[in-house]
Asker: 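Input: one structure, supplied below.
Sequential numbering from 1 along the given sequence is applied to the chain's residues.
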Amino acid sequence: MRNDKSKSIDGIDKAILRLLQNNTETPVAEIADQVGLTVTPCWRRIQKLEEKGIISKRVALLQARQLGLTMTVFVQVKAGRHDGKWLASFAKHAASFDEVVECYRMSGEYDYLLKVLVTDMDCFDHFYKRLVNGIEFSDVTSSFAMEQIKYTTAVPLSHL
C-alpha cells in the first residue's frame, strides 16, 4: 500500500528521482530535458521533493575499500534489558561509533543489527571491546562478509 507521500509522486517526479539517485550532480537542464520539462518547472519539482523530505540530502558516495576499509562485519546484539532506558542508551552508544555505518532494531532472535566497516581484525577487535564496554548485553555475535554481491544506495521506485 502506498503512503501519502508516494501518492503525490507522478511519473515525472519518479523519473527525476531515478536520475538524481544515479547522479546528483546531473545538471537541472539535463534532467529537465530527459523528463520533458523546461528548467524552471523541473527545478521547482526538485525543490518540492526536498521540502517533502523525499530527498533528504545529496552526498558523495565513497569507496570504502579504496580508503582501506576492507572488512565489513555484521554485529548482532541481544538487549541486556527490554526497557526504554536501555533502548535509548544502546541507540546512543551504537550511534557514537564512526565504524557503525548502519544500525537497525530488529525482530527475531537478535534485537539489533549493526553494519560495521573496519580496516582489519585488529581494528574490529578494538571496536568490539569499546562496543561491549560500559553497556549490558545479553549476547553479541559477529559475522564477517566474505564477498559483497550487491550494493546500492538507490531506493526502489517500481512500486510508485
Side-chain angles (χ1 to χ4, degrees), residues 1-10 13-26 45-160:
M1 175 173 259
R2 291 164 53 156
N3 65 29
D4 291 338
K5 285 185 181 177
S6 67
K7 288 179 186 175
S8 65
I9 294 176
D10 63 14
D13 287 338
K14 183 177 171 180
I16 290 169
L17 291 171
R18 183 167 278 117
L19 290 166
L20 287 173
Q21 279 194 119
N22 186 49
N23 182 0
T24 191
E25 292 185 353
T26 304
R45 281 178 177 256
I46 292 170
Q47 288 177 313
K48 284 183 182 176
L49 291 166
E50 289 174 334
E51 289 167 8
K52 291 178 182 178
I54 293 168
I55 298 173
S56 59
K57 67 174 145 176
R58 302 176 194 204
V59 299
L61 299 177
L62 308 180
Q63 293 296 318
R65 294 188 78 68
Q66 296 291 332
L67 297 168
L69 297 167
T70 58
M71 185 175 282
T72 301
V73 187
F74 294 93
V75 179
Q76 294 177 293
V77 174
K78 285 186 183 178
R81 295 188 320 269
H82 289 278
D83 61 56
K85 185 176 178 182
W86 189 93
L87 297 175
S89 175
F90 176 75
K92 183 177 178 181
H93 184 63
S96 72
F97 295 98
D98 287 343
E99 298 93 337
V100 175
V101 295
E102 296 180 49
C103 179
Y104 300 93
R105 188 165 58 88
M106 306 293 289
S107 65
E109 185 177 351
Y110 285 88
D111 300 303
Y112 291 89
L113 176 65
L114 311 177
K115 180 180 177 183
V116 177
L117 297 179
V118 292
T119 57
D120 56 29
M121 187 57 77
D122 287 339
C123 186
F124 178 72
D125 186 49
H126 179 68
F127 161 79
Y128 180 84
K129 288 173 182 172
R130 290 180 294 135
L131 177 69
V132 299
N133 187 31
I135 195 159
E136 177 188 344
F137 297 106
S138 172
D139 189 23
V140 179
T141 187
S142 302
S143 299
F144 299 87
M146 303 296 292
E147 177 184 13
Q148 185 177 70
I149 305 300
K150 180 182 179 180
Y151 171 80
T152 184
T153 60
V155 174
L157 301 173
S158 58
H159 68 285
L160 298 174

Asker: If you count the non-hydrogen atoms of other residues, nucleotides and ligands that lie under 6.0 Å from CG in D83, is the total more than 12?
Answerer: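 Yes, because the 6.0 Å sphere around CG of D83 holds more than 12 heavy atoms from other groups.
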Asker: How many angstroms lie between CG in L49 and CG in L17, if you round to the nearest 0.5 Å?
Answerer: 5.0 Å
Asker: Less than 3.5 Å apart, which donor and acceptor atoms pair up between the side chains of residues 115-129 and the rest of the protein, not counting sequence neighbours?
Answerer:
unit_1: D120; atom_1: OD1; unit_2: D122; atom_2: N; d: 3.2
unit_1: D120; atom_1: OD1; unit_2: C123; atom_2: N; d: 2.8
unit_1: D125; atom_1: OD2; unit_2: K129; atom_2: NZ; d: 3.0
unit_1: H126; atom_1: NE2; unit_2: R130; atom_2: NE; d: 3.2

Asker: State whether the number of non-hydrogen atoms from other residues, nucleotides or ligands found under 6.0 Å of E102 atom CD is greater than 12.
Answerer: yes
Asker: Would you call the rings of W86 and F137 parallel, tilted or perpendicular if under 30° counts as parallel and over 60° as perpendicular?
Answerer: perpendicular
Asker: Of all heavy-atom pairs between D111 and A79, which one has the smallest distance, and what is that distance?
Answerer: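 Minimum heavy-atom contact is OD2-N, 2.6 Å.
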Asker: Could you tell me the separation between the CD atom of Q47 and the NZ atom of K52, rounded to the nearest 0.5 Å?
Answerer: 13.0 Å
Asker: Can you see which heavy atom on T153 is nearest to which on Q21, and at what distance?
Answerer: O-OE1, 3.9 Å
Asker: Measure the shortest side-chain to side-chain distance between Y112 and V75 over non-hydrogen atoms and say whether it is less than 4.5 angstrom.
Answerer: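 Not in contact.
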Asker: Once you round to the nearest 0.5 Å, how far does CD1 of I9 lie from CD1 of I54?
Answerer: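 One gets 3.5 Å once the value is rounded to the nearest 0.5 Å.
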Asker: If every non-hydrogen atom of L160 is compared with every non-hydrogen atom of K14, which pair is closest and at what distance?
Answerer: O-NZ, 3.4 Å
Asker: Using every non-hydrogen atom in the two residues, find where I135 and F90 come nearest and quote the distance to one decimal.
Answerer: CD1-CA, 3.5 Å
Asker: Tell me whether E25 is salt-bridged to R58, with the criterion being a basic N under 4.0 Å from an acidic carboxylate O.
Answerer: no
Asker: Report yes if some heavy atom in the side chain of L131 is under 4.5 Å from a heavy atom in the side chain of E99; otherwise report no.
Answerer: no
Asker: On a heavy-atom basis, which atom in S158 and which in R18 lie closest, and how many Å separate them?
Answerer: N-NH2, 4.5 Å
Asker: Evaluate the criterion side chain to side chain contact (heavy atoms under 4.5 Å, CB included) for residue pair D139 and E109; output intermediate values, then yes/no.
Answerer: CA-CA 10 Å; D139 189 23; E109 185 177 351; 5.8 Å; no
Asker: Within the 4.5 Å heavy-atom criterion, are L87 and R81 side-chain neighbours or not?
Answerer: no
Asker: Taking the side chain as every heavy atom from C-beta outward, state whether D13 and K48 have any atom pair closer than 4.5 Å.
Answerer: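 The answer is no; the side chains never approach within 4.5 Å.
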Asker: Could you tell me the separation between the CE atom of M106 and the CG atom of L114, rounded to the nearest 0.5 Å?
Answerer: 10.5 Å
Asker: Using only atom types and a distance under 3.5 Å, with no angle test, would you say the side chain of S96 pairs donor to acceptor with the backbone of H93?
Answerer: yes
Asker: Taking all non-hydrogen atoms of both residues, which atom of L113 and which atom of F74 are closest, and how far apart?
Answerer: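 Shortest heavy-atom separation between L113 and F74 comes out as CD1-CB, 4.0 Å.
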